[in-house]
2 protein chains.
Amino acid sequence: MSFNQLKLKNQLCHRLYMASNSIVRAYREPLNGLNITYTQYIVMMALWEQDKITIAELLEKTAIDGGAMTQILKKMADKRLLEIIKDEKDKRKRLVQLTKQGQALKLEAVNIPNEIGYKFESIDSEQAVKLRQLLDLVVSDLRV
Amino acid sequence: MSFNQLKLKNQLCHRLYMASNSIVRAYREPLNGLNITYTQYIVMMALWEQDKITIAELLEKTAIDGGAMTQILKKMADKRLLEIIKDEKDKRKRLVQLTKQGQALKLEAVNIPNEIGYKFESIDSEQAVKLRQLLDLVVSDLRV
DNA sequence: ACATATTAATTTGCATGCAAAGTATTTGCA
DNA sequence: TGCAAATACTTTGCATGCAAATTAATATGT
């Protein structure tokens with residue numbers, strides 16, 4: 001009930017806001033080399049893990065907004081990174097499938113996690129695990 | 001160097017992305033009552049803490065994008081939450097000052113941190129402190 | 001003093017995130 | 001069988017985040 005909780009320096013949420021923006025900004029330059037944005041990179045990672053999945057599955061894996069996803073996939077298809085295929089069994093669904101070019105991009109991306117990782121000078125791997133766990137709690141607690 | 005690092009479930013950054021989006025989404029409803037967005041709420045918190053500061057200082061405190069800030073302040077001025085005043089000493093600068101209405105909004109906002117806090121069922125205050133510390137490391141490591 | 005560099009903001013163009021409304025399809029049930 | 005409800009997406013309108021270009025004003029060095 002205290003006004004102290006309204007101070008920015010006490011706010012977990014503002015930290016999260018800053019940290020997330022910082023990360024996206026940090027990825028921008030490495031990803032420029034691949035000609036994709038951070039959000040598109042998330043889509044690629046999901047597809048490198050499991051290809052030819054429905055848009056709904058992609059939304060589930062990536063947690064990207066559905067409305068944005070439509071636009072993003074369209075752009076990525078324009079760039080010939082992937083193709084959007086109709087599911088003949090259920091015509092409501094669409095399958096997303098990487099092109100050869102999209103698959104090949106994985107080789108160019110393999111060092112990006114390290115490029116970013118090197119920047120975390122003051123976070124060792126144990127702390128990274130801890131942070132990941134705590135963030136998972138945040139996400140699951142806020143999940144409706 | 002491993003492809004395993006490209007898996008979404010191993011990615012600290014994707015966690016951060018999801019957590020940050022979750023938080024902003026969680027604030028949306030409580031803030032609807034105050035008729036402000038999360039970003040505008042950050043501006044308000046900064047000004048409740050210290051009023052009549054320059055836009056540059058506000059940018060520093062909030063870590064909001066400068067380009068966005070111009071637009072945001074314009075909207076908030078339209079809503080009569082604050083006023084943008086010219087600094088007579090240095091005509092490049094502008095000062096942001098809360099209106100009575102903007103100051104009064106603090107009373108309506110005082111419970112919002114708790115409303116959000118209650119949602120974190122599985123994070124105790126010790127873990128929250130730890131998370132905050134780790135996020136600060138992320139931000140400082142990524143600071144240019 | 002004067003030209004140049006720097007600082008403070010604004011503007012612009014592009015990429016999302018989000019909620020809400022709209023469009024097909026498919027499911028479920030009476 | 002037939003129709004309402006649920007699904008899977010798409011579209012739309014608004015609010016940012018970010019980089020780059022622009023404008024206005026002040027600080028600096030010679």
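Just so we're on the same page: letters track the sequence lines, and every chain starts at 1.
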Sugar-phosphate, base or nothing in reach of A:Thr70, heavy atoms under 4.0 Å: base
side-chain N/O B:Thr37 vs D:dT16 OP1/OP2, d < 4.0 Å: yes
First encountered from the 5' end of DNA chain D, between A:Asp90 and A:Gln71: A:Asp90
Sugar-phosphate only, base, or nothing, as touched by B:Tyr17 at under 4.0 Å among non-hydrogen atoms: sugar-phosphate
Closest to side chain of B:Arg28, choosing from D:dA15, C:dA19, C:dT16: C:dA19
Between C:dT7 (C1') and B:Lys91 (NZ): distance, integer Å: 17 Å
Whichever of A:Ile72 and A:Glu88 has its nearest DNA chain C nucleotide further upstream toward 5': A:Ile72
Atom-pair distance (NZ on B:Lys86; P on C:dA8), nearest Å: 18 Å
Interatomic distance where CG belongs to A:Asp87 and P belongs to D:dA8 [whole Å]: 11 Å
Nearest-nucleotide pick for B:Arg92, side chain only, options being C:dA9, C:dT7, D:dG17: C:dT7
Candidates C:dA8, D:dT16, D:dA8 - which lies nearest the side chain of B:Thr39: D:dT16
A:Glu60 atom CD, neighbour heavy-atom count above 12 within 6.0 Å: no
Sugar-phosphate only, base, or nothing, as touched by A:Leu59 at under 4.0 Å among non-hydrogen atoms: nothing
Sugar-phosphate only, base, or nothing, as touched by B:Lys74 at under 4.0 Å among non-hydrogen atoms: sugar-phosphate
B:Arg25 CZ to C:dA20 P, straight-line distance once rounded to whole Å: 13 Å
A:Asp78 CG to A:Lys74 NZ distance, which is reported to the nearest 0.5 Å: 9.0 Å
Value in whole Å for how far the P atom of C:dT10 lies from NZ of B:Lys75: 14 Å
Rounded distance (Å) that lies between atom P of C:dT16 and atom CG of A:Leu31: 11 Å
Pairing nucleotide - D:dA25, Watson-Crick or G-U, each distance under 3.5 Å: C:dT6
Heavy atoms of other groups near B:Glu108 CD, more than 12 under 6.0 Å: yes
For the student: nearest non-hydrogen atoms of B:Asp51 and B:Gln97, plus distance: OD1-CA, 3.4 Å
Sugar-phosphate only, base, or nothing, as touched by A:Gln40 at under 4.0 Å among non-hydrogen atoms: sugar-phosphate
Of A:Gly67 and A:Tyr38, the one whose closest DNA chain C nucleotide lies more 5': A:Tyr38
A:Asp65 vs A:Asn21, nearer the 5' end of DNA chain D by closest nucleotide: A:Asp65
Closest heavy-atom pair and its distance - A:Gln11, B:Tyr27: OE1-OH, 3.3 Å
Neighbour count above 12 (heavy atom, 6.0 Å) for A:Gln71 CD: yes
Whole-Å gap separating C1' (C:dT16) and CE (B:Met18): 17 Å
Whole-Å gap separating P (D:dT10) and NZ (A:Lys93): 14 Å
